[in-house]
A.B. asks: 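Dropping a structure here in structure tokens format, bear with me for questions.
Residue numbering restarts at 1 for every chain, and letters A, B, ... go by the order of the sequence lines. None of the values given here were measured: they were computed from a predicted structure.
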Amino acid sequence: MTSPTTPRVRFAPSPTGYLHVGGARTALFNWLFARHFGGTLILRIEDTDFERSSEEMVEGILQGMRWLGLNWDEGPFFQSQRLDLYRATAEKLLASGHAYHCFCTKAELEQRRAEAAAAGRPPMYDRRCRSIDRQTAVSRKAAGAPCAVRFAVPEGGATGFDDAVFGRVEFAHSEIEDFVLLRSDGVPTYHLSVVADDIDMRLTHIIRGADHISNTPKQVLQYQALGATLPVFAHVPLILGPDKTRLSKRHGATSVIAYKDMGIVPEAFRNFLALLGWTPGSENKDREIFSSDDLVQLFSLDGISKSNAVFNNDKLAWFNTEYIRAYDANALLPLIQEEWTALGFTPHRSAEDVLAAIELLKPRARSLKDFATTFRAYFSDAYDYDPAAVAKFLKDDATRKLLLQLSRRYAEAPEFSSSTAEHVLRSLADENGVKAGVLINGARVALTGQAVAPSLFAVMNALGKDRVVARLAAAESIPIPD
RNA sequence: GGCGCCAUGGUGUAACUGGUUAACACGCCGCCCUCUCAAGGCGGAGAGUUCGGGUUCGAUCCCCGAUGGCGCUACCA
């Protein structure tokens with residue numbers, strides 16, 4: 001037996017230009033697993049499909065991982081730069097008789113597939129090139145005949161593996177076709193490059209999407225042919241859209257960065273994602289909020305569920321409010337600033353006032369976006385009045401007149417605080433036989449432009465005397481929507 | 001079509017190796033609080049565990065079948 005080794009895992013996306021939700025969850029699980037055991041996470045870019053890959057395309061993936069706080073220990077490695085390894089591996093398989101040259105052209109294959117389908121036969125490769133003996137194959141190749149390399153799947157029996165999530169899974173060899181390892185242009189297919197790399201990188205656990213379950217026997221066969229020890233496979237169920245079909249653009253955002261752009265806080269997204277297809281055990285069943293450290297400590301392959309999970313935006317939104325609320329105002333500020341600059345908004349208040357306003361508002365924010373949209377009036381004097389709010393609370397001329405009076409009283413008052421502000425307002429209402437609520441609601445719209453805000457006197461306190469006086473005085477000139 | 005996997009309220013999940021009024025969270029509804037809206041507090045509706053057979057004194061849990069969903073079925077990954 002070998003000495004106990006720390007796990008080595010990998011996240012191996014293909015470079016599509018962005019990190020999608022499913023990939024992010026796979027990355028997260030690998031990261032949690034590695035961190036839990038003090039292991040190593042390797043980032044590997046599977047870019048053997050040159051048509052669709054370029055080095056720039058990886059930036060989106062890195063960006064997504066950084067946003068989620070997922071760091072890696074080795075890489076990124078690019079498969080496009082490791083071609084020699086794959087060719088050598090194919091050569092080994094060829095030499096040991098586990099693989100053979102195939103001279104069938106793509107067109108021929110397609111035609112035979114069509115015929116098979118028409119005849120109701122399974123559209124598998126008919127293995128005709130398998131009978132060409134090695135000598136003639138080599139000379140045909142040397143003569144310039146283009147050929148691919150296929151794996152020779154054993155005739156009878158079955159190949160299986162013990163999945164850490166799904167348990168024993170087996171496939172009959174009759175169901176596995178002689179898959180291509182090396183294309184005729186010498187570029188490896190996924191089936192070859194994953195195995196060659198996973199062996200070369202000494203990975204101990206393969207944690208990846210369940211869509212790879214059916215591919216796994218093809219890989220197991222190669223491990224065996226190569227005499228390599230099998231890693232532990234752990235397939236993670238897929239993430240589905242609300243209609244229970246695989247999550248795609250149709251369902252809205254699939255890119256992780258799109259959620260950042262929606263004003264989601266990374267901790268919220270990570271927490272949400274972690275709980276999609278995994279539970280930290282029944283001891284923690286009444287808890288939903290887990291810090292990064294909690295997740296690392298609690299993570300285990302045992303908690304991974306076998307059934308696919310539906311991505312639920314409402315739940316994500318809930319996590320987001322929880323996290324925004326729990327954030328320290330100082331820590332929230334840079335995230336909010338990003339929103340501001342994105343919208344070309346500049347706050348006109350002192351750093352201290354900005355922080356105080358954030359403190360006041362964060363318990364009611366649904367998204368970081370709120371700070372740059374509906375909460376503008378707390379950070380700048382340039383804000384808009386929501387027409388619906390004006391129509392609801394500020395259309396009455398008498399109310400506007402009273403707000404003007406209120407403004408004067410505040411201006412004349414010796415001191416200004418939440419409690420004195422409230423006292424002054426209620427007295428004015430009493431004197432005029434008006435309900436305090438009328439003035440309160442009107443003042444809220446005048447001060448914030450919104451019908452919805454924190455407690456009015458807390459708002460006044462956050463705004464300060466001068467702004468309150470000025471904005472109330474301006475109430476009269478707020479346009480009334482038709 | 002073939003092969004594989006999965007199946008607990010609308011959603012995410014609990015329910016120790018078969019014995020629970022099937023639990024929690026999101027969402028939804030109502031009430032309280034109240035200056036608005038959230039939040040918060042309280043309460044409620046919503047699944048008898050996809051369906052049908054077994055095994056068992058007893059099945060969400062074990063077995064078989066059906067149905068449904070998903071995945072794979074490329075010289076894509």
A.B. asks: Rounding to a whole Å, what distance do you find between Leu428(A):CG and C35(B):P?
C.D. replies: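 Value for this atom pair: 17 Å.
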A.B. asks: Just to verify, what does Glu175(A) make a side-chain contact (heavy atoms from CB on, under 4.5 Å) with, not counting sequence neighbours?
C.D. replies: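 For Glu175(A), the residues satisfying side-chain contact (heavy atoms from CB on, under 4.5 Å) (neighbours in sequence not counted) are Ala172(A).
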A.B. asks: Take nucleotides 8-14 of chain B nucleotide by nucleotide from the 5' end and write B, S or -, depending on whether a protein heavy atom sits under 4.0 Å from the base, only from the sugar-phosphate, or from neither.
C.D. replies: ---SBSS
A.B. asks: I'd like to check the salt bridge (charged side-chain N to carboxylate O under 4.0 Å, His left out) partners of Glu359(A); sequence neighbours left out, ordered by chain and number.
C.D. replies: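 So Glu359(A) forms a salt bridge (charged side-chain N to carboxylate O under 4.0 Å, His left out) with Lys362(A).
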A.B. asks: Restricting to nitrogen or oxygen on both sides, can you table the protein-nucleotides 2-4 of chain B pairs closer than 3.5 Å?
C.D. replies:
residue : atom : partner   : partner atom : Å
G2(B)   : O2'  : Glu175(A) : OE1          : 3.4
C3(B)   : O4'  : Glu175(A) : OE1          : 3.4

A.B. asks: Looking at RNA chain B, which of residues 149-160 of chain A put a heavy atom within less than 4.0 Å of it?
C.D. replies: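 By residue number: Arg150(A).
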A.B. asks: Could you tell me how far U49(B) sits from G9(B) if I compare only their P atoms? Round to whole Å.
C.D. replies: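 The answer is 10 Å between these two P atoms.
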A.B. asks: Contact class for Pro454(A) (heavy atom, under 4.0 Å): base, sugar-phosphate, or nothing?
C.D. replies: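 Base, at least one base heavy atom under 4.0 Å.
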A.B. asks: Run the ring-centre check on Trp318(A) versus Phe272(A) and record whether the distance is less than 6.0 Å.
C.D. replies: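 Ring centroids of Trp318(A) and Phe272(A) are no less than 6.0 Å from each other.
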A.B. asks: Across the strands shown, which category fits His191(A) at heavy-atom distances under 4.0 angstrom: base, sugar-phosphate, nothing?
C.D. replies: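 Base contact - His191(A) has a heavy atom under 4.0 Å of at least one base atom.
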A.B. asks: Pick the C1' atom in G58(B) and in A38(B), then give their distance to the nearest Å.
C.D. replies: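 Result for the C1' pair: 49 Å, nearest Å.
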A.B. asks: Closest to the Glu177(A) side chain: A77(B), C6(B), U73(B)?
C.D. replies: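 Ranking A77(B), C6(B), U73(B) by closest atom to the Glu177(A) side chain puts U73(B) first.
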A.B. asks: Name all residues meeting the salt bridge (charged side-chain N to carboxylate O under 4.0 Å, His left out) criterion together with Lys218(A); count only those two or more places apart in sequence or in a different chain, and write none if there are none.
C.D. replies: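 Once residues adjacent in sequence are excluded, Lys218(A) has no partner under the salt bridge (charged side-chain N to carboxylate O under 4.0 Å, His left out) criterion.
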A.B. asks: Counting side-chain heavy atoms from C-beta on, which of G71(B), G40(B), A77(B) comes nearest to Glu322(A)?
C.D. replies: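 Minimum distance to the Glu322(A) side chain belongs to G40(B).
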A.B. asks: If you measure from the Lys or Arg side-chain nitrogens to the Asp or Glu carboxylate oxygens, is any gap between Lys106(A) and Glu110(A) under 4.0 Å?
C.D. replies: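 Salt bridge flag = no for Glu110(A) with Lys106(A).
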A.B. asks: Separation of Lys392(A) atom NZ from C35(B) atom C1', in whole Å?
C.D. replies: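 To the nearest whole Å, that distance equals 12 Å.
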A.B. asks: By side-chain contact (heavy atoms from CB on, under 4.5 Å), which residues pair with Leu404(A), not counting sequence neighbours?
C.D. replies: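 Expected list: Arg408(A), Ala473(A), Glu476(A).
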A.B. asks: Quick one: list whatever passes side-chain contact (heavy atoms from CB on, under 4.5 Å) with Lys369(A), sequence neighbours left out.
C.D. replies: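 Glu339(A), Ser367(A).
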A.B. asks: Among G71(B), C35(B), C70(B), which is the nearest nucleotide to the side chain of Thr245(A)?
C.D. replies: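 Minimum distance to the Thr245(A) side chain belongs to C70(B).
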A.B. asks: Could you say whether Ser455(A) or Lys218(A) is positioned toward the 5' end of RNA chain B, judged by the nucleotide with the nearest heavy atom to each?
C.D. replies: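 The 5'-side residue here is Ser455(A).
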A.B. asks: Of the nucleotides A77(B), C6(B), C75(B), which one has an atom closest to the side chain of Glu46(A)?
C.D. replies: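 Looking only at side-chain atoms, Glu46(A) lies closest to A77(B).
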A.B. asks: Would you classify Leu456(A) as touching base, sugar-phosphate or nothing, given that sugar-phosphate means primed atoms plus P, OP1 and OP2, and contacts are heavy atoms under 4.0 Å?
C.D. replies: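 Answer is base: heavy atoms of Leu456(A) come under 4.0 Å of a base.
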A.B. asks: I need the minimum non-hydrogen distance between Ala234(A) and Leu301(A), along with the two atoms involved.
C.D. replies: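 Heavy-atom minimum between the residues: CB-CG, 4.0 Å.
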A.B. asks: Provide, to the nearest angstrom, the distance between the CZ atom belonging to Arg10(A) and the C1' atom belonging to A77(B).
C.D. replies: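 Result: 11 Å.
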A.B. asks: Just confirming the chi classification of G41(B), syn or anti, using 90° around 0 as the syn window.
C.D. replies: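 Here G41(B) takes the anti form, which means its glycosidic angle is more than 90° from 0.
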A.B. asks: Whole angstroms only, please: what is the CG-P distance between Asp314(A) and A25(B)?
C.D. replies: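 Checked: the CG to P distance equals 16 Å.
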A.B. asks: Charged N to carboxylate O under 4.0 angstrom, Arg128(A) versus Glu108(A)?
C.D. replies: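 Looking at Arg128(A) and Glu108(A), the cut-off is not met.
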A.B. asks: Could you tell me whether Leu439(A) contacts a base, only the sugar-phosphate backbone, or nothing, with contacts defined as non-hydrogen atoms closer than 4.0 Å?
C.D. replies: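 No contact at all - Leu439(A) keeps every heavy atom at 4.0 Å or more from the nucleic acid.
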A.B. asks: Expressed in whole Å, how much space separates the C1' atoms belonging to G54(B) and U17(B)?
C.D. replies: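 Looking at atom C1' only, G54(B) and U17(B) are 22 Å apart.
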A.B. asks: What distance, rounded to whole Å, do you find between the two C1' atoms, one in A45(B) and one in C62(B)?
C.D. replies: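 Nearest-Å result for A45(B) against C62(B) at atom C1': 34 Å.
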A.B. asks: Look at all strands and tell whether Cys104(A) reaches a base, only sugar-phosphate, or nothing, counting heavy atoms closer than 4.0 Å.
C.D. replies: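 Base, at least one base atom sits under 4.0 Å.
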A.B. asks: May I ask you to check if Arg150(A) and Tyr125(A) form a cation-pi contact, with NZ or CZ under 6.0 angstrom from the six-membered ring centre and within 45° of the axis?
C.D. replies: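 Positive - Arg150(A) is close enough to the ring of Tyr125(A) and near enough to its axis.
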A.B. asks: What's the NE2-P distance between His212(A) and C70(B), to the nearest Å?
C.D. replies: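 Answer to the nearest Å: 19 Å.
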A.B. asks: If we take the C1' atom in both C76(B) and G65(B), what is their distance in whole Å?
C.D. replies: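 Going atom to atom, C1' in each nucleotide, I get 37 Å.
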A.B. asks: Please determine whether a side-chain nitrogen of the Lys or Arg among Glu422(A) and Arg426(A) lies less than 4.0 Å from a carboxylate oxygen of the Asp or Glu.
C.D. replies: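 Result for this pair is yes, salt bridge flagged.
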A.B. asks: Flag the pair Phe311(A) / His251(A) as yes when their ring centroid distance falls below 6.0 Å, and as no otherwise.
C.D. replies: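 Between Phe311(A) and His251(A), the centre distance exceeds or equals 6.0 Å.
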A.B. asks: Dot-bracket for RNA chain B, 5' to 3', with Watson-Crick and G-U pairs under 3.5 Å, [ ] for crossing pairs and | for other-strand pairs: what is it?
C.D. replies: (((((((..((((.....[...)))).(((((.......))))).....(((((..]....))))))))))))....
A.B. asks: Answer yes when Glu170(A) and Arg168(A) have at least one side-chain N-carboxylate O distance shorter than 4.0 Å, and no when they do not.
C.D. replies: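 Salt bridge between Glu170(A) and Arg168(A), a charged N being under 4.0 Å from a carboxylate O: yes.
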A.B. asks: Return the set of residues passing salt bridge (charged side-chain N to carboxylate O under 4.0 Å, His left out) with Asp211(A) (not counting sequence neighbours), or none when no residue passes.
C.D. replies: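 Salt bridge (charged side-chain N to carboxylate O under 4.0 Å, His left out) list for Asp211(A), sorted by chain: Arg246(A).
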A.B. asks: Please give, in whole Å, the distance from A77(B) P to Arg246(A) CZ?
C.D. replies: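 In whole Å, A77(B) P and Arg246(A) CZ are 15 Å from each other.
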A.B. asks: Are Glu46(A) and Arg44(A) close enough for a salt bridge, meaning some N to O gap below 4.0 Å?
C.D. replies: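 Arg44(A) and Glu46(A): salt-bridged.
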A.B. asks: Is it the case that the base of A77(B) and the side chain of Asn215(A) share a donor-acceptor contact (distance under 3.5 Å, atom types as modelled)?
C.D. replies: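 Donor-acceptor pair under 3.5 Å: yes.
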A.B. asks: Mind checking the C1' distance from G12(B) to U55(B)? Whole angstroms is fine.
C.D. replies: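 Rounded to whole Å, the distance is 33 Å.
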A.B. asks: Whether Arg183(A) contacts C76(B) is assessed here as follows: a side-chain N or O lying under 4.0 Å from the phosphate OP1 or OP2. Is that the case?
C.D. replies: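 Result: yes.
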A.B. asks: Show me the donor-acceptor pairs, under 3.5 Å and distance only, between side chains in residues 432-440 of chain A and residues at least two apart or in other chains.
C.D. replies:
residue   : atom : partner   : partner atom : Å
Asn432(A) : ND2  : Leu428(A) : O            : 2.7

A.B. asks: Does the side chain of Arg113(A) get closer than 4.0 angstrom to OP1 or OP2 of G1(B) through an N or O atom?
C.D. replies: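 For G1(B), OP1/OP2 do not have a side-chain N/O of Arg113(A) under 4.0 Å.
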A.B. asks: Which residue, Glu422(A) or Phe166(A), contacts RNA chain B at a nucleotide closer to its 5' end, judged by nearest heavy atom?
C.D. replies: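 The residue mapped nearer the 5' terminus is Phe166(A).
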A.B. asks: When the P atoms of C6(B) and A14(B) are compared, how many Å lie between them, rounded to an integer?
C.D. replies: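 A14(B) and C6(B) have their P atoms separated by 15 Å.
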A.B. asks: When you compare the protein's N or O atoms with those of nucleotides 44-46 of chain B, which come within less than 3.5 Å of each other, and at what distance?
C.D. replies:
none

A.B. asks: Taking the basic N atoms (NZ, or NE/NH1/NH2) and the acidic carboxylate oxygens, is any pair closer than 4.0 Å for Asp197(A) and Arg10(A)?
C.D. replies: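 Salt bridge flag = no for Arg10(A) with Asp197(A).
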A.B. asks: Between the side chain of Asn30(A) and the main-chain N/O of Thr26(A), is any donor-acceptor distance below 3.5 Å?
C.D. replies: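 Between the backbone of Thr26(A) and the side chain of Asn30(A) there is a qualifying donor-acceptor contact (under 3.5 Å).
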A.B. asks: Just the rounded figure in Å: distance from P of G71(B) to CZ of Arg208(A).
C.D. replies: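 Going from Arg208(A) (CZ) to G71(B) (P), I get 17 Å.
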A.B. asks: Would Phe29(A) and His205(A) count as a ring-ring contact (aromatic ring centres under 6.0 Å, His included) here? Give the steps.
C.D. replies: CA-CA 11 Å; Phe29(A) 282 10; His205(A) 300 257; over 10 Å; no
A.B. asks: Grab the CZ-P distance between Arg426(A) and U34(B) for me, whole Å please.
C.D. replies: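 One finds 11 Å between P of U34(B) and CZ of Arg426(A), rounded.
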A.B. asks: Would you mind telling me which of A39(B), C26(B), U36(B) lies closest to the side-chain atoms of Asn441(A)?
C.D. replies: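 For Asn441(A), the side-chain atoms sit closest to U36(B).
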